[in-house]
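Let me begin by presenting the structure, written as structure tokens, before commenting on it.
Just so we're clear, the structure is a prediction, and the values are computed from it rather than from any experiment. Counting starts at 1 for both ligands and their atoms, following the listed order.
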Amino acid sequence: MINLTAIVLAGGKSSRMGEDKALIPIQGIPLLPRICNVAKSCTDTIYIVTPWPERYQHLPLPRCEFIQENPSDTQGPLVGFAQGLEKVKTEWVLLLACDLPNLRVEVLQDWVKRLDSVEEENIAYLVKNPQGWEPLCGFYRSRCLPLLLDFINQGGRSFQKWLKQYPVKVLPLSEPDILFNCNTPEDVQQLLVN
Ligand SMILES: Nc1nc2c(ncn2[C@@H]2O[C@H](COP(=O)(O)OP(=O)(O)OP(=O)(O)O)[C@@H](O)[C@H]2O)c(=O)[nH]1
């Protein structure tokens, strides 16, 4: 299997949820350990980028390393990703938001198998929807770091705008539900009903 590193983002305001999303249990398992356990199926190296690692110490997480952001200066997922990427030594990185309760091991492993066929020019391998790329559940080449830092240093904070500049390969998604984002208490309720 291809050598890759997972970066899981657990920061942000969770303003729509009203409490830290990463800690919301779905079928008894909080979102952060849920996604880390899925990531574990394709890598032994998992970095969790967060301004508050102490909040997550008690969780049943697989082996992982915390990368701490400054809690008084978080700047969104693009900057969180760059901070994680600075530590990465593998060619490919799997970037994951913490709020993806439906991502399954089989889907992820199928995607990972396809990485070998991504042309060298493509800096990322992501699902595309009519609104744009799905940047927080997909693969990036670690060599994109200097490009990302340039963009951030010029004030850029949008994944969509950053990705527009480079060739990205489309990752196939057979069930759109896989990328369901758990953003609100109603989303949590919906998961419990289904
Ligand atoms: N490490 C880190 N992760 C972030 C940051 N901002 C957002 N995220 C993560 O990015 C993913 C998507 O976040 P969003 O749902 O778009 O934003 P949010 O701020 O968490 O939530 P809302 O306030 O409801 O928009 C989640 O996994 C967040 O934890 C950040 O500044 N740092």
Side-chain angles (χ1 to χ4, degrees), residues 5-26 29-40 43 45-57 59 61-62 64-88 93-104 107-108 124 126-129 131-140 142 144-145 148-149 151-153 155-163 171 173 176-191:
T5 302
I7 295 178
V8 178
L9 297 177
K13 300 187 184 71
S14 296
S15 52
R16 286 166 288 175
M17 189 64 78
E19 59 185 295
D20 186 351
K21 273 191 283 197
L23 294 171
I24 298 278
I26 303 293
I29 305 173
L31 282 169
L32 182 59
R34 279 187 90 85
I35 196 71
C36 290
N37 281 321
V38 176
K40 191 181 75 168
T43 176
T45 312
I46 303 175
Y47 296 131
I48 300 178
V49 184
T50 178
W52 35 72
E54 65 290 347
R55 244 186 230 179
Y56 306 133
Q57 297 300 330
L59 295 173
L61 289 163
C64 59
E65 194 179 317
F66 287 100
I67 297 178
Q68 174 148 27
E69 293 170 281
N70 182 347
S72 59
D73 185 31
T74 58
Q75 300 190 43
L78 193 76
V79 175
F81 174 41
Q83 278 182 263
L85 205 45
E86 308 241 15
K87 301 267 283 184
V88 170
V93 177
L94 165 65
L95 178 62
L96 293 168
C98 67
D99 56 0
L100 296 164
N102 291 346
L103 184 62
R104 295 197 314 272
V107 174
L108 189 55
L126 300 171
V127 171
K128 196 173 195 179
N129 64 35
Q131 288 77 46
W133 298 106
E134 290 279 2
L136 301 185
C137 183
F139 302 89
Y140 296 82
S142 54
C144 73
L145 179 61
L148 181 56
L149 290 177
F151 181 75
I152 289 170
N153 289 337
R157 294 294 181 271
S158 154
F159 268 99
Q160 305 300 337
K161 284 188 188 149
W162 176 58
L163 289 166
L171 179 60
L173 180 70
D177 207 35
I178 294 288
L179 294 187
F180 175 77
N181 262 154
C182 196
N183 284 321
T184 66
E186 292 72 35
D187 291 339
V188 178
Q189 280 309 317
Q190 191 180 327
L191 284 166

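Asn183 contributes no side-chain N or O that, together with a main-chain N or O of Arg16, makes up a donor-acceptor pair within less than 3.5 Å. Counting only distance, with no hydrogens or angles, the side chain of Arg34 and the backbone of Ile26 share a donor-acceptor pair below 3.5 Å. With hydrogens and angles disregarded, no donor-acceptor distance shorter than 3.5 Å links the side chain of Glu134 to the backbone of Leu126.
Under a 4.0 Å criterion applied to the non-hydrogen atoms of Leu9, ligand 1 contributes the atoms 3 (N), 9 (C), 27 (O), 29 (O). The contact set between ligand 1 and Thr74, taken as ligand atoms under 4.0 Å from a residue heavy atom, comprises 31 (O). Less than 4.0 angstrom separates some heavy atom of Val49 from each of these atoms of ligand 1: 1 (N). Distances below 4.0 Å separate heavy atoms of Asp99 from the following atoms of ligand 1: 15 (O). Below 4.0 Å from some heavy atom of Asn183 lie the following atoms of ligand 1, by number and element: 15 (O). For ligand 1, the atoms sitting less than 4.0 Å from at least one non-hydrogen atom of Gln75 are 31 (O), numbered in the order shown with element in parentheses.
Contact between Leu136 and Leu100 at its shortest, heavy atoms only, is O-CD1, 3.6 Å. Minimum heavy-atom separation, Gly80 to Leu9: C-CD2, 3.8 Å. Leu163 approaches Pro135 most closely through the heavy-atom pair CD1-CB, 4.4 Å. Shown here for Leu103 and Val38, the closest heavy-atom pair between the two residues is O-CG2, 3.6 Å. Nearest heavy-atom pair, Cys36 versus Leu61, reported as atom, atom and distance to 0.1 Å: SG-CD2, 3.9 Å. Nearest heavy-atom pair, Leu23 versus Arg55, reported as atom, atom and distance to 0.1 Å: CD2-O, 4.1 Å.
Close N/O approach between Gly76 and ligand 1 is found [any backbone or side-chain N/O within under 3.5 Å]. For ligand 1, the polar-atom distance check against Ala97 finds no nitrogen or oxygen pair separated by under 3.5 Å. At least one N or O atom of Cys98, backbone or side chain, sits closer than 3.5 Å to an N or O atom of ligand 1.
Under the 30°/60° scheme for interplanar angles, the aromatic rings of Trp162 and Tyr140 are found to lie parallel.
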Exercise for the section: Would you please test Leu85 and Cys144 for side chain to side chain contact (heavy atoms under 4.5 Å, CB included) and show each step? Expected result: CA-CA 9 Å; Leu85 205 45; Cys144 73; 3.8 Å; yes

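Atom 32 (N) of ligand 1 has Glu69 OE1, 3.0 Å as its closest protein atom, hydrogens excluded (heavy atom only). Protein heavy atom in closest approach to atom 12 (C) of ligand 1: Leu136 CD1, 3.6 Å. Counting only heavy atoms of the protein, atom 7 (C) of ligand 1 lies nearest to Gly12 CA, 3.5 Å. For atom 28 (C) of ligand 1, the closest heavy atom belonging to the protein is Gly11 O, 3.4 Å. In terms of protein heavy-atom proximity, atom 19 (O) of ligand 1 is closest to Lys13 N, 2.7 Å. For atom 15 (O) of ligand 1, the nearest non-hydrogen atom of the protein is Lys21 NZ, 2.5 Å. For atom 23 (O) of ligand 1, the closest non-hydrogen atom on the protein side is Ser15 OG, 2.5 Å. Closest to atom 16 (O) of ligand 1, if we only count protein heavy atoms, is Arg16 NH2, 3.9 Å.
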